[in-house]
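Step one of this worksheet: look at the structure below.
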Amino acid sequence: MPKRRRSEVIREEEVGLYHLWVRCVRRAWLCGLDPLTGNDYEHRKEWIESRLAELARIFAIDACVYAVLSNHYHLLLRNRPDLAAQWSDEEVARRWWQLCPQRFDEDGSPAEPSEFELRCVTSDAERIAKLRRRLSSISCLMQYLNQWLAKRANREDDVTGHFIEGRFECRSLLDEGAILAASVYIDLNEIRAQLAGTPEESRHSSIGCRILAQVAREGLALEQGLPSPESGPDSEPEPEKTHGADDWLCPINEQDCAPLHGPAQVESVTTSQALCRMT
């Protein structure tokens, strides 16, 4: 039976939450410890995490939950075309430049675009409209994630050919129960695969990232002599939250109404808003 077309699953023009998963070619242990050769590819999991964080700060897409295992990874993403629609033409051009820079600094990071380079993009209304759509497209984000991963892994192994088994698999999450089930499944995937014993030990998942970041924030608060959030209602007001390793992740909580269709009514902080505060 043929698979459903991607356009029948992901509605790029509407806000939605999606569970995605990607598997390495031949289901080999290309992102972990290969039991046959003894080669350790564990560091590639950090590649995926760092690249995903980078893309989440560029795209109008919320990275909510993730888990990277030995031969595949899971994501829970929310596309935000409503957010991309609010960006100015210059903002769209700058974000696309960060994704596809034409020049680089000496350290290899994207160079700051000149006013002329930005005007070359913003002067073309048709191109800006196309880039705005692409910057809120889950398929586009996955393209720049998987192609980057495949090229880097093949370069390390000095080989050519496919690294990803095929196009990413995807299912839409239509209600709170589906969102909760997918979130729990992804966050506990390392434990299920016996790669970790507890959520705290899940080094390459969103739950482990969030726990470690929270522990670091609480430790910093204790060092600075700041009151703990559990000090009670009469304690001093909470200090302004410090940025942590999980700032690129978008929370899903009881106040977060993330509809599949129509305008987003989200009270959680989007990755784009977090980036604006950091710059």
| Do the ring planes of His43 and Tyr41 sit parallel (below 30°), tilted (30 to 60°) or perpendicular (above 60°)? | tilted
| Could you give the distance from CZ (Arg44) to CD (Glu156), rounded to the nearest 0.5 Å? | 4.5 Å
| field | Interatomic spacing from CG in Asn154 to OG1 in Thr160 - rounded to 0.5 Å | value | 7.0 Å
| request: Working to the nearest 0.5 Å, report the span between CG of Leu17 and CG of Leu173. | output: 6.0 Å
| note | Here the pair of heavy atoms bringing Glu165 nearest to Cys24 is CB-O, 3.5 Å
| Does any pair with a residue in residues 127-142 pass side-chain hydrogen bond (donor to acceptor under 3.5 Å, both in side chains), and if so which ones, sequence neighbours excluded? | Glu12-Ser137, Asp89-Arg132, Arg134-Gln143
| Testing Leu20, Val65, Asp187, Asp62 for side chain to side chain contact (heavy atoms under 4.5 Å, CB included) with Leu76, which one passes? | Val65
| query | Do the side-chain N and O atoms of Thr198 and Glu200 include a donor-acceptor pair separated by under 3.5 angstrom? | reply | yes
| request: Go through Tyr66 and Trp248 one step at a time and tell me if the ring pair (Phe, Tyr, Trp, His ring centres under 6.0 Å) criterion holds. | output: CA-CA 12 Å; Tyr66 77 88; Trp248 60 279; 5.5 Å; yes
| Reported OG-to-NE2 distance for the pair Ser70 and His204, which is rounded to 0.5 angstrom | 9.0 Å
| note | Here the gap from Leu75 atom CG to Cys64 atom SG, rounded to the nearest 0.5 Å, amounts to 10.0 Å
| Does Phe168 share a hydrophobic cluster with Trp47, counting links as ILVMFWY side-chain heavy atoms below 4.5 Å and allowing steps through other members? | yes
| request: Determine, using the 4.5 Å side-chain heavy-atom cutoff (strictly less than), whether Ile191 and Ile211 are members of one ILVMFWY cluster. | output: no
| request: Please round to the nearest 0.5 Å and tell me the distance separating atom CD of Glu91 and atom OG1 of Thr122. | output: 12.5 Å
| field | Side chains of Arg217 and Asp246 in contact at under 4.5 Å (non-hydrogen atoms) | value | yes
| hydrophobic_cluster_shared for Leu145 and Ile58, side chain cutoff 4.5 Å | yes
| said: Looking at Phe104, I'd like to know if its CZ atom is crowded, meaning that more than 12 non-hydrogen atoms belonging to other residues, nucleotides or ligands lie closer than 6.0 Å. | reply: yes
| task | In plain terms, say whether Glu42 and Lys45 are close enough for a salt bridge, that is, a side-chain N and a carboxylate O under 4.0 Å apart. | result | yes
| task | Say whether Ile128 and Leu118 are linked into one hydrophobic cluster, either directly or through other cluster members, by side-chain heavy-atom distances under 4.5 angstrom. | result | no
| task | Mind telling me whether Phe59 and Tyr144 have parallel, tilted or perpendicular rings, with 30° and 60° as the class edges? | result | tilted
| said: Side-chain heavy atoms nearer than 4.5 Å, only ILVMFWY residues, links allowed to pass through others: does that put Ile164 and Val25 together? | reply: yes
| query | Aromatic rings Trp21 and His74: how do their planes relate, parallel, tilted or perpendicular, breaks at 30° and 60°? | reply | tilted
| Heavy-atom side-chain proximity of Pro113 to Trp96 below 4.5 angstrom | no
| task | For residues Leu249 and Arg210, determine if any side-chain heavy atom of one lies less than 4.5 Å from a side-chain heavy atom of the other. | result | yes
| query | Is the number of heavy atoms from other residues, nucleotides or ligands under 6.0 Å of Asp107 CG greater than 12? | reply | yes
| Taking it one step at a time, do Asp124 and Arg119 satisfy salt bridge (charged side-chain N to carboxylate O under 4.0 Å, His left out)? | CA-CA 9 Å; Asp124 188 340; Arg119 282 199 302 271; over 6 Å; no
| message | Regarding Glu117 and Arg103, does a basic nitrogen lie under 4.0 Å from an acidic carboxylate oxygen? | response | yes
| task | Determine whether Glu112 and Asp105 make a side-chain contact, defined as any pair of heavy atoms from C-beta on separated by less than 4.5 Å. | result | no
